[in-house]
Amino acid sequence: MASITLAQGLNEGLRYAMTQDPKVVCLGEDVGKLGGVFRITDKLQTEFGEDRVFDSPLAESGIVGTSIGMAIYGLRPVAEMQFDGFTYPAFEQIVSHAAKYRMRSLGRVSLPLVIRIPYGGGIGAVEHHSESLEAYFTHTAGLKVVTPSTPSDAFSMIVQAINDPDPVVFLEPKRRYWVREDVELPVTDGMPFGRAAVRREGNEVTLISWGPCMRTCEEAAEEAASDGVSVELIDVRSLVPLDIDTILASVKKTGRAVVVHEAQITGGYGGEIAARIMEDDFLSLHAPVLRVAGYDMPYPPAKLEDIFLPDIDRVLDAVDKVLNY
Amino acid sequence: MRGVVDPASISTEMIQMLAPDGSFVGDGDFEIDLKEEDLRQIYRHMVLARRADQEGTNLQRQGELGVYTPLLGQEAAQVGSAYALSERDWIFPSYRELAVAMYRGIDPSSVMHLFRGTVHGGDWDAREHRFAYYSVPIATQMLHAVGFARAAQIEKSNIVAITYFGDGATSEGDFHEACNYGGVWKVPVVFFCQNNQYAISVPLSKQTAAPTISAKALGYGMPGYRVDGNDVLAVYAVARETIRRAREGGGPSLIEAVTFRRGPHSTADDPTRYRTKEELAAWEAKDPIARFQTYCKNEGVLDDDFIKSCDDEGAQIATNIRASIVGAGPRPAIDLFNNVYEEMPETLRREYKQYEEEQSAREGDE
């Protein structure tokens with residue numbers, strides 16, 4: 001058992017997958033000697049050589065486009081986007097090719113490709129370094145979209161993503177890179193794709209979140225408990241495929257749900273979850289499903305990001321509202 | 001002047017082996033290693049592609065295809081370059097490479113079904129034919145070729161990738177990224193530009209201010225070739241050299257095959273709005289098949305029997321395409337649900353169930 005950070009969980013997961021399968025390669029800006037700006041590929045080039053871990057020129061469409069070619073060949077590329085806001089040049093390759101290749105080949109060619117993206121704010125970064133872009137990808141059929149919130153999930157989910165036959169958009173909550181957990185490596189029992197995790201059991205309100213907002217939700221649930229409110233906390237982990245059954249089972253029990261995410265509220269994935277709860281189990285609800293999310297504005301400058309990010313008070317306000325509806 | 005690159009110093013000449021009248025002019029810098037049988041096969045492939053292509057246009061005009069993108073006039077560029085590949089090499093096409101697809105043994109009906117709306121991408125096995133699916137977003141496939149070549153380089157498999165694109169594609173960011181990645185990684189890839197003079201209606205002069213497309217190669221540290229794209233021997237010779245260099249570890253090359261799309265961009269296009277009769281006539285006089293036929297006849301390689309056998313084979317292919325396309329229905333809807341992911345996610349499974357229930361309700365109504 002060792003205490004590792006989420007970043008180390010990813011690094012160890014990459015190392016494990018690369019050791020298991022010689023077809024796994026890592027590419028992206030600065031992933032080689034430097035080990036990536038967040039050190040997620042730290043020391044991998046030294047261990048696996050420059051044909052397994054290599055720097056790309058500074059061009060994101062190229063990173064994803066060439067990764068698609070490598071996957072067609074039969075490699076399992078793991079592509080790093082340096083920051084969320086620099087993913088957009090690769091959007092066409094992700095949406096028009098990666099997501100559609102299986103369909104366009106009538107199922108003959110799959111693209112086992114992982115696109116790693118550090119995402120979300122709360123680290124005092126300059127503009128374009130704090131975006132939450134999950135809804136662009138959950139809206140795109142053909143992609144899997146996942147996001148770990150713990151070091152052990154980071155390990156098992158990156159390994160599962162690499163072994164997955166479909167293209168995976170792997171969102172790394174960058175403000176959680178440094179959270180710690182005691183973990184026995186390798187983590188081989190967790191297969192989180194399509195399986196949400198109930199992080200805390202409760203029976204009055206279901207709090208649903210993922211990735212960057214999990215800590216806020218944990219703290220909110222703790223505080224609610226001290227006020228005598230029993231909150232069940234679900235870490236969705238796998239946005240696509242979505243484990244709607246775990247969410248519905250919880251809501252059936254509690255009758256109330258609040259979805260929390262950093263991304264702007266309009267068109268955010270919280271709306272999708274709220275709609276599904278309502279469609280599938282309207283009669284269990286004692287209150288409308290509420291969303292706590294970023295405001296509908298471009299991500300603010302660092303000195304104002306705290307007003308944008310869902311915090312404990314905003315989450316607790318929503319919990320109170322559904323309780324007192 | 002020291003420290004200055006002058007566009008005026010760039011050669012705009014073309015590499016040529018056959019003059020438009022079919023006489024052999026040769027080019028001392030390039031060798032031709034083709035036997036008589038090769039020449040006959042090259043002729044045959046060009047004739048078959050032209051006939052199949054014509055059938056595509058015919059079928060669209062008769063309402064059997066939604067749209068079609070003819071290659072008329074570009075047969076030499078496509079067959080000459082494909083003929084220089086080895087069997088294990090991979091091809092990353094755009095959406096006009098019917099001659100290359102057929103050269104690789106793909107049933108042209110499989111291509112036509114894309115234009116009928118039966119399938120996206122194309123109904124062939126990319127791995128069997130080493131021919132990737134048609135790529136409609138301009139220049140995007142170039143990056144796939146570079147990535148594939150990088151994988152071949154990593155695996156030391158001795159496989160070369162070639163990618164086809166048009167003059168318009170050279171304006172796209174992905175063209176730049178692909179050429180740059182190819183040059184930096186020094187991968188075994190050949191960038192094959194069919195400069196057919198127009199990107200739908202926009203002429204090359206409004207697409208680039210570079211003296212030639214081949215000149216762009218310099219910016220990526222690779223050689224650029226400007227070749228007469230209607231001269232199948234010259235295209236073959238240049239492609240052969242670039243493929244050999246790629247295979248030997250010498251890195252990528254850019255070929256600009258100067259040709260002309262004699263038909264519309266697609267059957268939905270009206271080229272009379274943007275180009276003149278005279279321009280078209282000038283290119284018809286440089287027809288790649290007539291030119292090569294004259295050359296082969298003069299060399300005693302082609303006789304009337306062989307020419308007729310090619311025409312007959314072309315007619316049979318056209319008949320087969322027609323039989324496959326006319327009246328062809330949709331594929332089963334379950335294919336759509338099945339081919340989004342390897343395993344259908346639970347949410348999609350429920351959508352499929354809903355679809356099925358709606359279908360049977362509808363059938364019940366009828």
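Letters go in sequence order (proteins before strands), and every chain restarts at 1.
For the options B:Pro137, B:Ser157, B:Gly147, B:Ser135, heavy-atom pairs under 4.5 Å to chain A are most numerous at B:Gly147. For chain B, the option among A:His97, A:Glu92, A:Lys144 with the highest count of heavy-atom pairs below 4.5 Å is A:His97.
Neither the backbone nor the side chain of B:Ala149 comes within less than 4.5 Å of any heavy atom of chain A. Contact of A:Ile244 with chain B is made through the side chain alone, with heavy-atom distances under 4.5 Å. The contact between A:Ser61 and chain B is made by backbone and side chain atoms together, counting heavy-atom distances below 4.5 Å. Residue contact with chain B, scored on non-hydrogen atoms closer than 4.5 Å, involves the side chain of A:Asp245 exclusively. Within the 4.5 angstrom heavy-atom criterion, atoms from both the backbone and the side chain of A:Ile63 approach chain B. With a threshold of 4.5 angstrom between heavy atoms, B:Trp90 approaches chain A through side-chain atoms but not through N, CA, C or O. For chain B, the nearby part of A:Lys23 is the side chain; its heavy atoms alone come within less than 4.5 Å. The contact between B:Val119 and chain A is made entirely by side chain atoms (from C-beta outward), counting heavy-atom distances below 4.5 Å. Contact of B:Asp125 with chain A is made through backbone and side chain together, with heavy-atom distances under 4.5 Å. Residue contact with chain B, scored on non-hydrogen atoms closer than 4.5 Å, involves the side chain of A:Pro165 exclusively. A:Val64 does not touch chain B: none of its heavy atoms, backbone or side chain, sits under 4.5 Å away. For A:Leu75, the part lying near chain B is the side chain, with the backbone staying farther off; criterion is any non-hydrogen pair under 4.5 Å. The part of A:Asp280 that comes within reach of chain B is its side chain, from C-beta onward, which places non-hydrogen atoms under 4.5 angstrom from that chain. Residue A:Arg52 does not touch chain B at all, counting heavy-atom pairs closer than 4.5 Å.
Legend: residues meeting ring pair (Phe, Tyr, Trp, His ring centres under 6.0 Å) with B:Phe337, ordered by chain and number and at least two apart, are B:Tyr352, B:Tyr355.
Taking 4.0 Å as the cut-off between side-chain N and carboxylate O, A:Arg237 and A:Asp243 do not count as a salt-bridged pair. Using a 4.0 Å cut-off between a side-chain N of Lys or Arg and a carboxylate O of Asp or Glu, B:Arg349 and B:Glu346 qualify as a salt bridge. Between B:Asp123 and A:Arg108 there is a salt bridge, since at least one side-chain N of the basic residue sits less than 4.0 Å from a carboxylate O of the acidic one.
In summary, the side chains of A:Tyr136 and A:Thr87 do not present any donor paired with an acceptor at a separation below 3.5 Å, with no hydrogens or angles considered. Donor-acceptor pairing under 3.5 Å is recorded for the side chains of A:Ser250 and A:Glu232. In the model, B:Ser253 has a side-chain atom that pairs as donor or acceptor with a side-chain atom of B:Arg245 under 3.5 Å.
Annotation for B:Lys186: atom NZ does not count as buried by contact number, only 12 or fewer foreign heavy atoms lying within 6.0 Å. Around atom NE2 of B:His120, no more than 12 heavy atoms belonging to other residues, nucleotides or ligands sit under 6.0 Å away.
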